[in-house]
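The block underneath contains the structure these notes are about, expressed in structure tokens.
Letters A, B, ... mirror the listed sequences (proteins, then strands); counts begin at 1.
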There are 2 protein chains.
Amino acid sequence: MAVNRVTSQDVADRAGVSRTTVSLVLNNVPGIQISDTTRQRVLQAAEELNYVPDAAAQALASRQSQVIGLVLIRTPDQIASDIFLTQTLDGLIKSVHKAGMRLLIDIIDPEHQEETYLHLMRAKRIDGIILSGPRSNDESLNALLDVDFPTVLLGQLPGSQFYSVDVDNRAAAHNAATHLLNLGHRRIACITNAPLSYTAANDRLSGYRQALETAGVPFDPPLVRFAEFDPESGYEQMNNLLESGSDFSAAFVASDLVAYGAIAATREHGLRIPEDMALVGLDDLPFSRFISPPLTTIRLPAIELARIATDLLFRLLQGEQPEQKQIILGTELVVRDSCGAKLHGYAPHQ
Amino acid sequence: MAVNRVTSQDVADRAGVSRTTVSLVLNNVPGIQISDTTRQRVLQAAEELNYVPDAAAQALASRQSQVIGLVLIRTPDQIASDIFLTQTLDGLIKSVHKAGMRLLIDIIDPEHQEETYLHLMRAKRIDGIILSGPRSNDESLNALLDVDFPTVLLGQLPGSQFYSVDVDNRAAAHNAATHLLNLGHRRIACITNAPLSYTAANDRLSGYRQALETAGVPFDPPLVRFAEFDPESGYEQMNNLLESGSDFSAAFVASDLVAYGAIAATREHGLRIPEDMALVGLDDLPFSRFISPPLTTIRLPAIELARIATDLLFRLLQGEQPEQKQIILGTELVVRDSCGAKLHGYAPHQ
DNA sequence: CTATATTACTAACACGCGTTACTAACGCGT
DNA sequence: ACGCGTTAGTAACGCGTGTTAGTAATATAG
């Protein structure tokens, strides 16, 4: 029973109607009158034949692919340990399913072929796009704006006309650093989550600086190091920091993943966490509460972020034009053991 | 310059040839003679107009969507912390890109709507499918076999006719348990990675049993607990185990992620790792070497797995019929600190 | 110089569906 | 009987491409 091409014509034949009628019934075209009996006959015929419309033909005729694209702009190394991605995917797929659409995923290396997503658009393979990790120096982005292609950024592009959804990175970092300041620390190092060309990294660093400033603590550039997404880089940068001879009693690490590496490095230097070195991360990855010591961090609403982005995109697809272009979600401090707050009897929660 | 539908007709007009010629040139149809000058003319026209073929029209005409589907059969809870997924994705997308194709991703809940992937197939939205986490009680799978749809399983389905790529779970677990046995442990608990309805979980448990048997150590059912993919469940099961009063000095945890939770629970019971409790995981996730203590585990070639699966699928798509239907990849013990080997001066490596 | 093969292309159909414009039948009031 | 609105349905075109069968021009063979 292999090659069993069931077309709408087959359904029409079986129901004794025209192909047009089949299309009208199955698509539930509004404002069209079809008698209930034939309607039922068509539905039953389709059911019996196990009819599934050809996606390509539908797309060609209707000019809608019913697919949205998730484009991740990452270097290959980042992707393998990007748990944030799985959370995004989780939220995304649920929303996409709810809308009866599909998700095409693509990962592109920022160094090469920056325009693959333009291809997806031009080939009309996707109806809309969710772009994660947009870079400000990516000129292909303008092409999206030019043709008014439904686009939602996951992340920010300051000053651009794109719709975007992001967390308040600055506030999150500010929160983390302030927490350490409140615990009495004055020499607080900072390890970024990524190079500063990433706006998120930049914002987090600036939130950290701002917190110091507010507290009247001088910003000391040698206490800042730049990691690159993964634990390895965190491990290196913390080693680097500890061996630099700088004096500091705490560190804000702008990514949980990077913090894992930093913790390992700190341990290897014979320092106890939090007694000798207080640490605060940022992300609240699913395992951050299980590592040792449980990591104090800032929780990002990852899944919600994806949900909101998708829902926003769907509104764009339906022709709406939401006036709020940039949506910024709040974050939340999660106090665990790595910051030492519990030792001081401060915020003895969770 | 918004709606700029560039069709092959436009290219043909500009190059002064027929649409057919354009198609022949652009698709590099073999065995067809086109003079070099017109060929260049067509290519240049296409370039100048920035022509990108309509994917839907191509798919309709050629009966190939140039898209392969990655279908993950998971419960929603699993997905958010599934780092293995990101590694899979990494390997997958690279291979897919190399073949000039795209990847459609879908996550389906094993409880509901098991047949969404059949929809993808019937709608001809995808040319082939990579199915991760196949369940033996999924009857929809037969439909794939019936129509001979290009399919590769990521995981195993014993006794089925599917092409599949998997790691040798039994051997991996055997290896892990044997390592603990060699270190002198005789009372070794086991926390599975998942319920036994998952063949991988079943295989791992049986590898563990087999290792005990080989060593002449009796299998003690009360020492076995069943986790469910995430650290939370590992935390619970280890607590459960420790509070059961059972006597054991080591545990094989059949998933690194689950092991993270188990470590936390062990710590909270005031036990030192590895001195009071030796632990070995399985997966070698990217951060397992950074947690504390660095986790001794079994490395699975995740990215390679995905690569091989994709390459196998491409061979199927090209009509080949590789005779080896089941590919099993080997694993490797990675000795770190959690097992205590280094304390004993055993395998003082890495 | 004619018959045939080769080269370089094109006309026309097919893919399966959405959709517009149109028709046939019917009811209803006058 | 006629006109008119409404209901129920259909014929036919278009979406943009791949591909087969065919043609005109040129080269080759006899």
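- By the side chain to side chain donor-acceptor pair (under 3.5 Å) test, A:Thr88 is found to be paired with no residue, residues two or more places apart in sequence or in another chain being considered.
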Less than 3.5 Å apart, which donor and acceptor atoms pair up between the side chains of residues 28-36 of chain A and the rest of the protein, not counting sequence neighbours?
residue: A:Ser35; atom: OG; partner: A:Thr37; partner atom: OG1; Å: 3.2
residue: A:Ser35; atom: OG; partner: A:Thr38; partner atom: N; Å: 3.4
residue: A:Ser35; atom: OG; partner: A:Thr38; partner atom: OG1; Å: 2.9

Side chains of residues 316-329 of chain A: which donor-acceptor pairs under 3.5 Å do they make with residues two or more places apart or in other chains?
residue: A:Glu320; atom: OE1; partner: A:Arg315; partner atom: NE; Å: 3.0
residue: A:Glu320; atom: OE1; partner: A:Arg315; partner atom: NH2; Å: 3.3
residue: A:Gln324; atom: NE2; partner: A:Gln326; partner atom: O; Å: 3.2
residue: A:Lys325; atom: NZ; partner: A:Gln161; partner atom: O; Å: 3.1

Atom pairs under 3.5 Å, N or O on each side, protein against nucleotides 24-28 of chain C: can you list them with distances?
none

Give every pair of a protein N or O atom and an N or O atom of nucleotides 9-12 of chain D that lie under 3.5 Å apart, one pair per line with the distance.
residue: D:dG9; atom: OP2; partner: A:Ser35; partner atom: N; Å: 3.1
residue: D:dG9; atom: OP2; partner: A:Thr38; partner atom: OG1; Å: 3.0
residue: D:dT10; atom: OP1; partner: A:Ser18; partner atom: N; Å: 3.4
residue: D:dT10; atom: OP2; partner: A:Ser18; partner atom: N; Å: 2.8
residue: D:dT10; atom: OP2; partner: A:Ser18; partner atom: OG; Å: 2.9
residue: D:dT10; atom: OP2; partner: A:Thr21; partner atom: OG1; Å: 2.5
residue: D:dA11; atom: N7; partner: A:Thr20; partner atom: OG1; Å: 3.4
residue: D:dA11; atom: N6; partner: A:Thr20; partner atom: OG1; Å: 2.8
residue: D:dA12; atom: N6; partner: A:Thr20; partner atom: OG1; Å: 3.4

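- With sequence neighbours left out, B:Arg14 forms a side chain to side chain contact (heavy atoms under 4.5 Å, CB included) with B:Ala45, B:Glu48, B:Leu49.
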Secondary-structure notation, DNA chain C, from Watson-Crick and G-U pairs under 3.5 angstrom (| other strand): ||||||||||||||||||||||||||||||
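- Under the rule for a side chain to side chain contact (heavy atoms under 4.5 Å, CB included), the partners of B:Asp311 that lie at least two apart in sequence or sit in another chain are B:Ser95, B:Phe314.
- Straight-line distance from the OH atom of B:Tyr51 to the P atom of D:dG16: 10 Å, rounded to whole Å.
- For A:Thr86, the side chain to side chain contact (heavy atoms under 4.5 Å, CB included) partners are A:Ile83, B:Leu85, B:Thr86, not counting sequence neighbours.
- The side chain to side chain contact (heavy atoms under 4.5 Å, CB included) test applied to A:Ala61 returns no partner, not counting sequence neighbours.
- Partners of B:Tyr198 under the ring-ring contact (aromatic ring centres under 6.0 Å, His included) rule, at least two apart in sequence or in another chain, are B:Phe229.
- Residues satisfying the side chain to side chain donor-acceptor pair (under 3.5 Å) test with A:Gln156, not counting sequence neighbours, are A:Asp166.
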